[in-house]
Amino acid sequence: MLRRRDLLGLGAWSAAAGLLLRARADEDGLLQAVATPQDLETPLGFFDRLITPTSVFFVRSHFGPPSLDLGRRLTIDGMVGKPLELGLADLEKLPQVTLTAVLQCAGNGRALHEPRVPGVQWRHGAMGQATWTGVRLKDLLDKVGVAPDARHVRLAGADRAPKPTVPKYLRSIPLARALDPTTLVALRMNGEPLTLAHGAPFRLVVPGWAGDHWIKWLTHLRLQKDEAEGFFMNTAYKLPKTPVAPGAAVPPEQMQSLSTIPIKSIIARPADGASSKAGAQEIVGVAFSGEAAIDKVEVRVNDGPFVAAKLEGPSVPFAWRVFRHRFEAKPGKHTAVARAIDVKGVMQPETAVWNPSGYFWNAWHRVQWEVVA
Ligand SMILES: Nc1nc2c(c(=O)[nH]1)N[C@H]1C(S)=C(S)[C@@H](COP(=O)(O)O)O[C@H]1N2
Ligand SMILES: [Mo]
């Protein structure tokens with residue numbers, strides 16, 4: 001538990017915590033742990049720009065955030081030469097890297113799979129793009145000296161399951177991904193200290209990989225031979241090794257852990273069911289593809305041909321680009337569909353591959369709207 005007076009003099013950090021303090025502090029300033037999960041979608045209309053504002057950035061957490069603890073320590077141990085423990089001030093002194101990357105929940109679009117599958121019924125809003133600033137995980141692993149036969153990094157956060165019968169949220173990433181210079185222990189999001197909802201004081205950032213690896217409220221990294229134990233690694237976040245018929249039950253041995261995000265584009269505007277004035281129209285949205293850069297987005301209006309949209313933002317790995325397609329329209333019902341193509345030539349599929357947990361919905365996004373005189 002953190003007392004209000006412990007936050008005095010922490011500058012930007014206490015500013016970031018201010019909202020939370022007002023909302024959650026009781027009479028004597030004790031922060032209260034929130035027991036319910038927090039799952040909030042970003043409204044579709046915000047996917048018309050390169051950076052998603054933090055205030056509307058989607059939030060996903062299995063058990064809700066732990067108390068805000070800016071004094072939290074990060075331990076790195078297991079198969080290492082010399083274990084290490086660091087706090088926020090230690091991390092701030094190390095070289096900082098800033099990169100732009102999409103964060104998307106593996107379950108984004110789950111509600112759109114047919115037949116329906118259980119889980120958080122996300123539509124389009126469990127994704128966002130931010131700049132992430134922090135320390136390369138590789139720099140920390142260089143300090144501890146990783147044993148030659150270590151293969152995985154087990155990741156744990158400070159949040160706790162609501163009941164002892166519910167397993168802790170534990171994930172791991174292969175050592176090779178941990179050593180990639182883009183894997184960060186991030187302290188800042190969009191230039192500001194991380195908010196509690198997004199993992200304050202530090203979280204993992206694994207560009208190109210689904211959100212379940214981006215552990216928030218990070219407390220413990222352990223080098224080990226095997227993947228993390230428990231439900232969230234052994235059972236959850238698995239896809240069939242080969243596509244299955246929609247609705248099929250898949251035996252565990254035919255499943256494998258998911259990692260990178262497949263190619264996708266989403267139309268922010270016009271909104272499905274909206275109406276617009278006759279004349280100039282604009283189809284706008286975002287496109288991204290896991291670890292590959294986006295090369296092209298094509299838009300089709302009504303029964304016309306696919307036309308290359310204008311792209312904003314650099315063609316770089318991990319990042320989304322904004323696409324815009326302008327045209328003139330007469331009154332009547334209109335439809336538009338978008339599809340993305342990455343620099344490896346991979347095209348977004350017309351239909352998404354169904355899977356038992358409803359991960360990675362990435363079908364062509366279609367919208368229908370009415371143009372009025
Ligand atoms: N400690 C912890 N980290 C976590 C989670 C969690 O429940 N606990 N949820 C993960 C999942 S499934 C996602 S999609 C992302 C969401 O990050 P955001 O809330 O910052 O958008 O956080 C990840 N990190
Ligand atoms: Mo997620």
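Positions are given from 1 along the sequence. As the structure lists them, so they are numbered: ligands from 1, and atoms in each ligand from 1.
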At under 4.0 Å between heavy atoms, which part of [X] makes contact with ligand 1: side chain, backbone, both or neither?
X      : value
Arg203 : side chain
Leu103 : side chain
Trp122 : neither

Answer yes or no: does an N/O atom from [X] fall short of 3.5 Å to an N/O atom of ligand 1?
X     : value
Ser61 : no
His62 : yes
Phe58 : yes

Please list the nearest protein heavy atom to [atom] with its residue and the distance rounded to 0.1 Å.
atom                    : value
atom 19 (O) of ligand 1 : Lys216 NZ, 2.5 Å
atom 5 (C) of ligand 1  : Tyr169 CE2, 3.6 Å
atom 23 (C) of ligand 1 : Gly211 O, 3.2 Å

Query raised in the report: Is the shortest distance from a heavy atom of Phe232 to ligand 1 less than 4.0 Å?
Result: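 No, Phe232 has no heavy atom closer than 4.0 Å to ligand 1.
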Query raised in the report: Would one find more than 12 heavy atoms of other residues, nucleotides or ligands at under 6.0 Å from atom CZ of Arg73?
Result: yes
Report task. Please say whether more than 12 non-hydrogen atoms of neighbouring residues, nucleotides or ligands are located less than 6.0 Å from NZ in Lys225. Result -> no
Sub-4.0 Å atoms of ligand 1 with respect to non-hydrogen atoms of [X]:
X      : value
Cys105 : 14 (S)
Trp217 : 1 (N), 2 (C), 8 (N)
Tyr237 : 12 (S)
His198 : 18 (P), 19 (O), 20 (O), 21 (O)
Trp214 : 22 (O), 23 (C), 24 (N)
Ile215 : 1 (N), 3 (N), 24 (N)
Asp159 : 1 (N), 2 (C), 6 (C), 7 (O), 8 (N)

Query - side chain to side chain donor-acceptor pair (under 3.5 Å) partners of Lys296, counting only residues at least two apart - result: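 For Lys296 there are no side chain to side chain donor-acceptor pair (under 3.5 Å) partners, ignoring immediate neighbours.
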Query raised in the report: Would you call the rings of Trp132 and Phe57 parallel, tilted or perpendicular if under 30° counts as parallel and over 60° as perpendicular?
Result: perpendicular
**Report entry** Between Ser67 and Asp69, a side-chain donor and acceptor under 3.5 Å
**Finding:** no
**Report entry** Donor on one side chain, acceptor on other, Arg366 and Thr335, under 3.5 Å
**Finding:** no
Report task. Measure the shortest side-chain to side-chain distance between Arg339 and Arg300 over non-hydrogen atoms and say whether it is less than 4.5 angstrom. Result -> no
Requested in this report: Identify the heavy atoms of Leu170 and Glu229 that sit nearest to each other, and give their distance.
Outcome: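 Minimum heavy-atom separation between Leu170 and Glu229: CD1-OE2, 3.5 Å.
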Report task. Looking only at non-hydrogen atoms, find the nearest pair between Leu140 and Leu84 and report the distance. Result ->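 In terms of heavy atoms, the two residues are closest at O-CD2, 4.4 Å.
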Requested in this report: Using atom types as modelled and distance alone, determine if a side-chain donor or acceptor of Thr52 lies under 3.5 Å from a backbone N or O of Gln129.
Outcome: yes
Report task. Run the numbers on Glu192 and Thr54 for side chain to side chain donor-acceptor pair (under 3.5 Å), then give the verdict. Result -> CA-CA 9 Å; Glu192 299 292 330; Thr54 305; over 6 Å; no
